[in-house]
Amino acid sequence: MALRVVQLCTSDGGGAGKAAYRLNKGLQSTGISSSMLVLSKESKDDTVHVLTPGPSPIWAAEWSRWENLLAPYPGRPKGLELFTDSASGVRLSNFQEIQEADVIHFHWIDGLVDYAHAADLFRNKPVVWTLHDMNAFTGGCHYALGCERYKAQCGTCPQLGSSVEKDLSRDTWLSKQSVYARMKLYLVTPSRWLADRARESRLLSRFGVRVIPYGFPTDIFRPHDKLQIKQLFKIEPNAKTVLFGAGHNTDRKGYRYFIEAVRQLNYSGKLLLMTFGPVPPEHQSAIPYPIINVGNIQDERQLAMIYSLADVFVIPSLEDNLPNTVVESLACGTPVAGFRTGGIPDMVEDRVNGALAEPRDVKGLISAILWCLDHPQPQELFRVCREKAVKNYSLEVQACAFEQFYAEALSQTAK
């Protein structure tokens with residue numbers, strides 16, 4: 001009988017959800033019986049099972065509860081992302097997928113898994129956990145943004161604007177500590193950076209960590225004819241295109257550094273900016289180049305065409321795990337410019353398949369962008385970008401790595 005694995009993820013969309021869904025499909029291609037259990041479903045895949053059909057009232061309720069948890073912290077800084085606790089109103093014990101699975105695979109589980117019940121619910125099954133951010137070992141934040149309290153014990157949380165040790169972050173941290181003490185977890189991170197953070201955390205340091213990068217459908221994310229796509233967008237053949245995901249303008253995503261870099265770029269040739277998501281009006285006037293907004297593209301084949309059109313994809317994140325967009329771009333033959341932070345250096349070899357700058361260094365980011373735009377051998381650059389993606393980040397490579405890891409986890413659990 002085929003190995004049965006259930007992937008638990010809050011959604012099959014978004015960064016973590018898409019990564020989990022791709023793994024689900026990659027495992028199926030190897031003969032593993034893999035399915036997903038989610039709160040919010042975007043795909044039409046029959047192997048993705050949603051707890052409640054239609055718009056998820058559970059997901060909405062969890063989101064509302066998280067917002068209420070932050071109400072006592074009016075001094076919380078602006079521009080931050082989600083802050084979550086370890087509780088959930090979901091009870092998974094009656095789901096057939098859980099009962100029949102040989103391996104339970106956690107992904108981004110906030111709102112889906114109630115930590116307090118996890119140790120008892122999964123005590124007879126190996127629990128593999130792919131960490132998509134830092135939340136598993138913090139008191140609620142998903143990226144610590146330079147804070148190192150997770151190495152000891154959270155409290156006085158800067159992301160809450162808290163001056164009290166026994167705050168929400170301390171309570172959440174302690175609840176996780178209590179649960180993890182009764183569990184055996186088999187941890188995976190997509191990047192070396194996140195593996196290092198998990199190993200130095202007090203909550204997860206006793207567990208081993210395996211680095212298994214995300215897998216991508218490199219048959220879908222593949223190069224397309226640049227000139228043909230330029231004709232579709234009525235772009236001049238000799239114009240260069242800078243691609244950027246403008247929809248993510250939180251502090252962590254480094255949006256303002258990209259805007260400043262483009263403003264100072266002073267490129268001598270014909271140049272335009274193409275964005276996923278609109279550039280806010282207050283920034284448009286500061287950018288001295290034409291802007292084409294392609295919106296939020298869900299179709300991956302269309303997305304591959306956009307990557308293929310670009311001459312450089314820019315990712316100015318200040319802290320990130322293994323952003324899907326970087327490998328998607330490389331798989332389409334397009335180099336990447338960004339900051340040397342998080343998991344980005346795992347994918348981008350400086351001055352090989354892209355260029356990196358030190359975090360927040362606008363001049364360095366400009367230099368990285370120009371290196372990609374003015375590369376003397378664009379076809380060679382195209383080749384090494386594609387080669388890096390296919391060799392290291394295909395679905396087949398990822399699925400084979402997890403097949404081996406599941407076998408190891410099952411063997412250790414049986415002892």
Side-chain angles (χ1 to χ4, degrees), residues 15 18-19 21-22 25-26 29 190 213-246 267 269-277 292-315 322-338 343-356 368-399:
K18 188 176 292 184
Y21 176 72
R22 287 170 174 166
K25 303 310 293 181
S29 71
Y214 292 146
F216 295 79
T218 53
D219 58 329
I220 294 176
F221 288 98
R222 60 175 180 82
H224 292 264
D225 188 283
K226 191 184 293 286
L227 289 178
Q228 287 185 6
I229 305 170
K230 281 187 174 182
Q231 289 177 355
L232 292 175
F233 283 93
K234 299 180 180 179
I235 297 172
E236 293 183 41
N238 62 338
K240 296 294 182 75
T241 304
V242 176
L243 181 63
F244 171 69
Y267 190 69
K270 294 181 179 179
L271 186 72
L272 62 88
L273 177 65
M274 182 168 281
T275 68
F276 304 124
I292 298 177
N293 171 29
V294 296
N296 184 16
I297 299 177
Q298 297 296 326
D299 187 289
E300 292 185 338
R301 286 176 172 80
Q302 293 181 13
L303 194 56
M305 294 176 67
I306 299 300
Y307 283 120
S308 298
L309 165 63
D311 295 283
V312 58
F313 174 72
V314 183
I315 180 161
L322 200 87
N324 290 332
T325 51
V326 173
V327 176
E328 290 169 358
S329 180
L330 295 176
C332 296
T334 300
V336 176
I344 294 173
D346 287 12
M347 302 172 284
V348 180
E349 299 176 68
D350 191 26
R351 268 61 179 181
V352 176
N353 62 348
L356 300 175
I369 294 170
L370 290 174
W371 184 89
C372 297
L373 290 176
D374 293 333
H375 195 280
Q377 296 178 294
Q379 286 304 311
E380 175 62 14
L381 181 57
F382 166 92
R383 185 191 66 78
V384 296
C385 289
R386 173 70 179 170
E387 184 180 77
K388 175 79 171 183
V390 172
K391 182 179 179 181
N392 296 283
Y393 300 102
S394 70
L395 287 175
E396 293 79 8
V397 170
Q398 183 195 35

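When a residue number appears, it is its place in the shown sequence, counting from 1. Here the structure is a predicted model, which is why all the values come from computation and not from measurement.
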NZ of K234 to CD1 of I292, rounded to nearest 0.5 Å, is 11.0 Å
Contacts of Y214 meeting ring pair (Phe, Tyr, Trp, His ring centres under 6.0 Å) (sequence neighbours excluded), chain-then-number -> H132
Of all heavy-atom pairs linking V314 and F244, the shortest is O-CD1, 3.4 Å
Q: Could you tell me whether the side chain of N353 reaches within less than 4.5 Å of the side chain of V336, counting heavy atoms only?
A: no
Quick one, Y393 and V326 - any side-chain contact, counting heavy atoms below 4.5 Å? no
Q) Under 3.5 Å, is there a donor-acceptor pair between the side chain of K230 and the main chain of I235? A) no
>> Determine whether Q302 and V294 satisfy the following criterion, side-chain contact (heavy atoms from CB on, under 4.5 Å), listing intermediate values before the conclusion.
In response: CA-CA 10 Å; Q302 293 181 13; V294 296; over 6 Å; no
Contact between I315 and P323 at the side-chain level, heavy atoms closer than 4.5 Å - yes or no?
yes
**OP:** Check whether any side-chain N or O of S308 sits under 3.5 Å from a backbone N or O of A304 as a donor-acceptor pair, and report yes or no.
**Re:** yes
task: Flag the pair D311 / K226 as yes when at least one side-chain heavy-atom distance between them is below 4.5 Å, and no otherwise.
output: yes
All heavy atoms of M347 vs all of L330, minimum pair found to be O-CD1, 3.6 Å
Taking every heavy atom of D350 against every heavy atom of A355, the minimum-distance pair comes out as OD1-CA, 3.3 Å
Residues G26 and A399: closest non-hydrogen pair is O-CB, 3.5 Å
(Q) I'd like to know whether L303 forms a side-chain contact (heavy atoms from CB on, under 4.5 Å) with F221, so could you lay out the CA-CA distance, the side-chain angles of the two residues, the decisive distance to 0.1 Å, and finally the verdict. (A) CA-CA 8 Å; L303 194 56; F221 288 98; 3.9 Å; yes
Rounded to the nearest 0.5 Å, the CE atom of M274 sits from the CD1 atom of I306 at a distance of 5.0 Å
Counting heavy atoms not belonging to R351, are there more than 12 under 6.0 Å from its CZ? yes
Subject >> pair V327-N392: side-chain heavy atoms closer than 4.5 Å >> reply: no
Nearest heavy-atom approach of T275 to N293 is O-OD1, 3.3 Å
Open item on the list: Please determine whether side-chain contact (heavy atoms from CB on, under 4.5 Å) holds for the pair L232 and M305, giving the CA-CA distance in whole Å, both sets of side-chain angles, and the decisive distance to 0.1 Å.
Closed with: CA-CA 11 Å; L232 292 175; M305 294 176 67; 4.0 Å; yes
Taken to the nearest 0.5 Å, the spacing of L395 CG from I220 CD1 works out to 8.5 Å
Salt-bridged, R22 to E328, with N to O below 4.0 Å?
yes
Would you say the side chain of L243 lies within less than 4.5 Å of the side chain of T334, judging by non-hydrogen atoms?
-> no
Checklist entry - Are side-chain heavy atoms of V384 and E380 found at a separation under 4.5 Å? => result yes
Ring pair (Phe, Tyr, Trp, His ring centres under 6.0 Å) filter on F382, not counting sequence neighbours, yields none
Checklist entry - Hey, does H224 have a side-chain heavy atom less than 4.5 Å from the side chain of C332? => result no
One should read off an interatomic distance between K240 NZ and L373 CG, to the nearest 0.5 angstrom, of 5.5 Å
Nearest heavy-atom approach of D225 to L227 is OD1-N, 3.1 Å
To the nearest 0.5 Å, atom CG of L271 lies from atom OG1 of T241 at 7.5 Å
Across all chains, not counting sequence neighbours, the ring pair (Phe, Tyr, Trp, His ring centres under 6.0 Å) partners of F313 are Y307
